[in-house]
2 protein chains.
Amino acid sequence: MLTEIATAESLRPHTHAAFPASRKAPETLLSVGVPMSFPRNGEIFAEGETAGYVYKVVSGVVRVSKLLPDGRRQISAFHLPGDMFGFEIGDIHHCSAEAVVPTKVVAFKWQGLLGAGASTSLVRELLTRTMIGLRHTEDHLLLLGRKNALERLAAFLLEMAARSGSAEMLDLAMPRHDIADYLGLTLETVSRMFAELKEMGQIKLESARRVRLLNMDKLRAIAA
Amino acid sequence: MLTEIATAESLRPHTHAAFPASRKAPETLLSVGVPMSFPRNGEIFAEGETAGYVYKVVSGVVRVSKLLPDGRRQISAFHLPGDMFGFEIGDIHHCSAEAVVPTKVVAFKWQGLLGAGASTSLVRELLTRTMIGLRHTEDHLLLLGRKNALERLAAFLLEMAARSGSAEMLDLAMPRHDIADYLGLTLETVSRMFAELKEMGQIKLESARRVRLLNMDKLRAIAA
DNA sequence: CGTGGTTTTGAGCCCCTTCAACCACCGTGG
DNA sequence: CCACGGTGGTTGAAGGGGCTCAAAACCACG
């Protein structure tokens with residue numbers, strides 16, 4: 001999937017560029033890929049900034065969020081290795097993106113991908129990825145608009161399990177506050193719902209970030 | 001292929017083809033379009049159905065929604081004339097679409113649009129439209145996750161005003177129940193927020209569906 | 001006029017938030 | 001080795017915003 005981009009990516013070692021513009025692009029098929037790395041909570045781009053690049057996660061976790069003027073925050077997605085993010089219509093980012101943990105990404109120039117000589121298959125690949133994002137976001141609308149706190153947390157745990165190998169043992173990269181801003185709750189409520197799922201015998205908390213899912217089917221029933 | 005849709009549609013009790021199935025669409029890039037019309041609350045497609053077409057609204061209003069097993073509903077978008085909807089990755093619809101009022105749409109075969117000979121400009125057009133949908137949905141996530149009832153209704157009125165010519169006089173096509181399912185509220189709360197905006201002197205209700213926006217800037221401030 | 005669908009209004013309650021305190025972990029330095 | 005501060009997480013008590021349940025009002029249409 002996305003072979004042209006993947007090729008460009010694998011051709012290049014992961015260096016620690018501070019900013020895309022600071023590196024020269026090599027002459028390859030789609031040579032605009034630039035490896036970058038960010039520390040925990042490092043800002044990849046901010047709402048209102050000039051766009052121009054799309055990003056692919058190599059390692060780590062990225063959160064994409066929007067802010068209200070008074071500081072209320074909504075995280076629209078967590079991105080894991082292999083995911084792409086940063087798609088914009090105009091030249092302005094209307095979301096911000098930060099590294100949840102130390103993270104490596106590759107940045108691709110949007111112009112390079114969609115320029116005059118862009119192959120149909122590549123544009124179609126971008127279309128597919130955008131549609132995947134749209135589907136995920138629409139599912140999340142249902143969660144935020146209509147599910148209660150327990151259902152939201154169950155759905156979150158199942159989503160994370162599905163995306164990290166579907167193992168019963170789950171390592172969460174993000175703190176309670178991020179989970180809360182993703183699920184439209186407060187961190188206290190998230191903590192209480194963890195406790196409630198534990199009471200119900202559906203999960204076991206090895207630590208705050210390590211969760212064992214004891215009964216995925218039951219969790220699916222709870223997630224509604 | 002032109003008759004395929006018409007035949008499939010006419011099998012459903014509450015959908016009607018607008019024009020004779022034999023009528024050919026003009027020979028343009030989008031020459032596979034089939035006009036269809038639907039009565040109020042007519043089902044355009046349902047969650048779980050086989051996909052294969054994308055739709056463009058000609059007249060009327062369409063709501064796209066998702067359901068939970070117990071009947072809770074979330075409307076992800078209202079589509080007005082000129083909008084396109086029905087984009088799917090696989091061959092299964094994971095949303096349903098219905099006409100809010102008597103509505104005319106044109107259906108395009110997805111295969112026809114993205115087939116072997118598809119032009120890059122057309123694929124790019126679809127990409128842009130999908131990205132517009134993604135941006136709208138992400139904005140709506142913030143509304144559902146973090147805004148209170150009054151802010152949600154103010155944002156809704158402004159959105160509708162902006163999309164229908166930005167006039168101060170607004171004609172809402174949809175009932176309170178649909179507005180509620182779009183905003184993640186109950187219809188009673190929506191009604192109460194209408195009353196509150198009226199109390200505040202921000203709107204005037206000519207009738208339940210006809211709203212005069214008295215102070216757009218103040219409404220924008222309320223919508224956060 | 002009735003009639004059915006839609007909208008408004010009222011009263012009580014509950015889920016989640018708010019505010020606050022406490023705890024658990026961890027790297028640092030005396 | 002333990003005191004120490006800082007971050008992150010849990011737990012408790014109280015309050016409120018939106019929901020539920022209920023009934024009345026409104027309106028288009030026969």
Side-chain angles (χ1 to χ4, degrees), chain A residues 39-41 61 63 68 70-74 100-102 143-154 156-157 170-199 203-211 222 224, chain B residues 39-41 63 68 70-74 98 100-102 143-157 170-200 203-211 222 224:
Chain A
R40 197 166 77 104
N41 294 324
V61 180
R63 62 171 173 260
L68 286 176
D70 62 2
R72 282 174 286 176
R73 184 179 66 155
Q74 179 62 44
V100 175
V101 293
L143 181 145
L144 292 179
R146 291 305 181 202
K147 290 185 182 174
N148 65 30
L150 193 66
E151 292 168 343
R152 293 183 198 197
L153 184 60
F156 171 74
L157 293 175
L170 190 54
D171 278 281
L172 299 172
M174 66 293 292
R176 296 287 186 265
H177 188 251
D178 282 359
I179 300 176
D181 283 350
Y182 180 60
L183 298 180
L185 301 168
T186 62
L187 64 89
E188 293 96 328
T189 299
V190 169
S191 183
R192 277 183 252 267
M193 294 305 109
F194 268 108
E196 188 162 337
L197 284 177
K198 195 174 74 177
E199 296 291 313
I203 63 172
K204 186 164 188 300
L205 287 172
E206 310 285 353
S207 76
R209 308 283 185 103
R210 285 180 67 84
V211 191
I222 292 170
Chain B
R40 195 167 78 105
N41 293 324
R63 62 170 173 260
L68 287 175
D70 62 3
R72 283 174 285 175
R73 183 179 67 154
Q74 179 62 44
E98 295 131 28
V100 175
V101 292
L143 181 146
L144 292 179
R146 290 306 179 202
K147 291 186 183 176
N148 66 29
L150 193 65
E151 294 168 341
R152 293 182 198 199
L153 184 59
F156 171 74
L157 293 175
L170 191 55
D171 277 280
L172 300 171
M174 66 293 290
R176 296 288 185 267
H177 187 252
D178 282 0
I179 299 176
D181 283 351
Y182 180 61
L183 298 180
L185 302 169
T186 61
L187 64 90
E188 294 96 328
T189 299
V190 170
S191 181
R192 276 183 253 267
M193 294 304 108
F194 267 109
E196 189 162 336
L197 284 178
K198 195 173 74 177
E199 297 290 314
M200 296 169 67
I203 63 172
K204 185 165 189 299
L205 287 172
E206 310 285 351
S207 76
R209 307 285 184 101
R210 284 178 69 83
V211 192
I222 293 171

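Protein chains get the first letters and strands the later ones, always in sequence-line order, with residue 1 at the start of each. All heavy atoms count here, side chains included; hydrogens, waters and symmetry mates do not.
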With sequence neighbours excluded, what pairs up with [X] under the salt bridge (charged side-chain N to carboxylate O under 4.0 Å, His left out) test?
| X | answer |
| --- | --- |
| B:Arg210 | B:Asp171 |
| A:Arg63 | A:Glu98, A:Asp178 |
| B:Glu206 | B:Lys204, B:Arg212 |

Determine whether A:Leu144 and A:Arg152 make a side-chain contact, defined as any pair of heavy atoms from C-beta on separated by less than 4.5 Å. yes

Does the side chain of B:Leu68 come within less than 4.5 Å of A:Lys147's, by heavy atoms? yes

Could you pull out the closest heavy-atom pair between [X] and [Y], with the gap in Å?
| X | Y | result |
| --- | --- | --- |
| A:Ala208 | A:Arg176 | O-NH2, 2.8 Å |
| A:Ala173 | A:Val101 | O-CG1, 3.8 Å |
| B:Arg146 | A:Ala180 | NH2-O, 3.2 Å |

First and last nucleotide of DNA chain C in contact with chain A, 5' to 3', at under 4.0 Å to a heavy atom: what are they? C:dC16 to C:dA20

Look at atom CZ of A:Arg209 and say whether more than 12 heavy atoms of other residues, nucleotides or ligands are closer to it than 6.0 Å. yes

For DNA chain C, which residues in residues 179-187 of chain A have a heavy atom at a distance below 4.0 Å? A:Gly184, A:Leu185, A:Thr186

How would you label the contact of A:Arg152 with the nucleic acid (heavy atoms, under 4.0 Å): base, sugar-phosphate, or nothing? nothing

May I have the step-by-step check of side chain to side chain contact (heavy atoms under 4.5 Å, CB included) for B:Leu143 and A:Gln74, ending in yes or no? CA-CA 9 Å; B:Leu143 181 146; A:Gln74 179 62 44; over 6 Å; no

Between B:Met193 and A:Arg192, name the one whose nearest nucleotide on DNA chain D is closer to the 5' end. A:Arg192

Could you go through residues 184-199 of chain B and list every donor-acceptor pair under 3.5 Å that involves a side-chain atom there, pairing it with any protein atom two or more places apart or in another chain?
unit_1: B:Thr186; atom_1: OG1; unit_2: B:Thr189; atom_2: N; d: 3.3
unit_1: B:Thr186; atom_1: OG1; unit_2: B:Thr189; atom_2: OG1; d: 3.1

Bounds of contact between DNA chain D and chain A, in 5' to 3' order, using a heavy-atom cut-off under 4.0 Å: D:dG8 to D:dA13

Considering heavy-atom distances to DNA chain C, does B:Leu205 or A:Glu188 have its closest nucleotide positioned more toward the 5' end? B:Leu205

Can you check side chain to side chain contact (heavy atoms under 4.5 Å, CB included) on B:Leu153 and B:Phe156, steps first, answer last? CA-CA 5 Å; B:Leu153 184 59; B:Phe156 171 74; 4.1 Å; yes

Which angle, to the nearest 10 degrees, lies between the helix axes at the two ends of the helix from C:dC1-D:dG30 to C:dC26-D:dG5, each defined by five pairs? 30°

